[in-house]
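All values below come from the heavy atoms of this structure, side chains included, with hydrogens, waters and symmetry mates left out.
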Amino acid sequence: MNLNELKPVWRRYSDAVAAAEKRTADELNGLLPVDLPVASYRRRLFMLRNAAMFVFIAVGCGGC
Amino acid sequence: MVLRQQFLRQLQQHQGIVHSLSRSYFANEEDRKDAFQEIVLQLWKSYPAYRGDSAVSTWMYRVALNTIFNLLKQRRLTFATLPEQLAVEAEDHSELLRTVLSQLNPSDRALVILYLEGYSYQEIADIRAISLTNVSTRLSRIRQKLRSRFQSEVI
């Protein structure tokens with residue numbers, strides 16, 4: 001037997017594992033955090049922009 | 001919400017990849033559950049950057065294997081030297097497959113799994129971020145090692 005002949009064996013093995021462990025959409029959804037990755041990325045950008053504006057204003061008014 | 005639904009559809013369709021990798025790398029059920037959860041999280045985090053330039057399954061293998069190697073490096077989970085036997089079917093060469101995988105370290109095991117999945121050497125190189133020569137050399141060494149280990153049985 002060669003490595004190629006193990007391909008269908010692996011296929012059956014992984015199909016059987018997948019069938020035995022299959023999770024529903026709800027179960028998968030429950031594993032995800034509430035935040036979208038994109039949203040958290042945008043929030044970081046938003047906070048960075050606010051910080052930059054604060055520094056700009058503070059420097060601009062000379063500490064008034 | 002659209003992105004989340006899209007991701008869940010893809011994940012549901014291809015979740016078998018994550019399950020079979022978790023089963024191939026981790027010995028006990030708790031570790032497999034932790035690995036599954038961590039891989040799903042990493043897939044979700046990297047999903048916005050996935051541009052569809054490779055098949056979803058290829059992208060999932062890349063992220064899943066990277067996550068598994070990180071978990072092993074951090075020693076958070078224990079590597080299964082012998083992947084768990086399937087209780088459901090003790091047919092044909094499944095025991096041989098299990099024994100073959102048990103001979104391989106985590107990195108070589110990934111190469112063989114990807115090879116058995118039917119990926120080309122170039123695709124394996126892309127997934128593992130190594131050179132084509134490296135894939136070719138290592139798979140050749142693995143074949144030699146298995147040949148000497150199993151003599152007449154394999155390779």
Side-chain angles (χ1 to χ4, degrees), chain A, chain B residues 1-5 7-9 11-12 14-24 29 32-33 36-41 43-49 83-89 91-98 100-101 112-113 115-118 139 142-143 146-147 150 152-155:
Chain A
M1 163 166 270
N2 63 48
L3 211 48
N4 272 328
E5 289 175 71
L6 282 178
K7 282 182 179 177
V9 183
W10 167 258
R11 174 62 31 221
R12 281 196 292 278
Y13 176 86
S14 60
D15 285 350
V17 170
E21 310 258 353
K22 192 174 180 182
R23 301 202 189 178
T24 64
D26 281 348
E27 287 172 326
L28 294 173
N29 191 33
L31 296 176
L32 303 182
V34 179
D35 262 4
L36 288 171
V38 177
S40 54
Y41 168 72
R42 284 195 183 136
R43 189 167 56 236
R44 276 200 298 274
L45 269 184
F46 179 73
M47 288 173 71
L48 192 68
R49 194 193 65 177
N50 281 356
M53 279 179 71
F54 175 78
V55 171
F56 180 74
I57 292 166
V59 171
C61 75
C64 62
Chain B
M1 273 328 259
V2 175
L3 187 77
R4 194 183 184 96
Q5 294 306 323
F7 174 76
L8 282 170
R9 258 200 313 277
L11 180 61
Q12 201 175 13
H14 298 282
Q15 61 174 300
I17 291 172
V18 186
H19 289 304
S20 55
L21 282 178
S22 301
R23 179 84 71 123
S24 303
E29 202 178 331
R32 284 201 298 274
K33 276 186 186 164
F36 185 86
Q37 191 161 348
E38 185 64 27
I39 292 168
V40 168
L41 187 64
L43 285 167
W44 173 232
K45 280 184 180 171
S46 64
Y47 190 61
E84 191 178 290
Q85 188 173 17
L86 271 183
V88 281
E89 46 183 312
E91 44 97 21
D92 58 25
H93 298 294
S94 60
E95 192 53 40
L96 182 61
L97 171 70
R98 199 166 156 255
V100 164
L101 293 179
V112 169
I113 288 174
Y115 180 80
L116 295 177
E117 271 292 330
L139 277 172
I142 290 167
R143 277 198 175 89
L146 295 175
R147 193 179 292 128
F150 295 99
S152 61
E153 276 181 300
V154 173
I155 323 305

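- In terms of heavy atoms, A:Ala18 sits closest to B:Gly16 at CB-CA, 3.5 Å.
- The two residues A:Arg23 and B:Gln12 have their closest heavy-atom pair at O-NE2, 4.1 Å.
- From A:Leu28, atom CG reaches atom CD of B:Gln37 across 11.0 Å, with rounding to the nearest 0.5 Å.
- Side-chain contact check for A:Leu31 versus B:Phe36: some heavy-atom pair is nearer than 4.5 Å.
- The distance from the CG atom of A:Leu32 to the CG atom of B:Leu11 is 7.5 Å, given to the nearest 0.5 Å.
- One distance of note links CG of B:Leu101 with OH of A:Tyr13; it measures 7.5 Å at 0.5 Å rounding.
- Of the listed residues (B:Leu41, B:Val112, B:Ile113), the greatest number of heavy-atom pairs within a distance under 4.5 Å of chain A belongs to B:Ile113.
- Between atom CG of residue B:Leu139 and atom CG of residue A:Leu3 there is a gap of 7.5 Å, rounded to the nearest 0.5 Å.
- Taking the side chain as every heavy atom from C-beta outward, B:Leu96 and A:Val9 never approach each other to under 4.5 Å.
- Electrostatic pairing of A:Lys7 and B:Glu117 does not count as a salt bridge here, judged by no charged N lying under 4.0 Å from a carboxylate O.
- Atoms CG and CG, from B:Leu97 and A:Leu6 in turn, are 6.0 Å apart once rounded to the nearest 0.5 Å.
- Chain B forms more heavy-atom pairs under 4.5 Å with one residue of A:Lys22, A:Glu21, A:Glu27 than with any other, namely A:Glu21.
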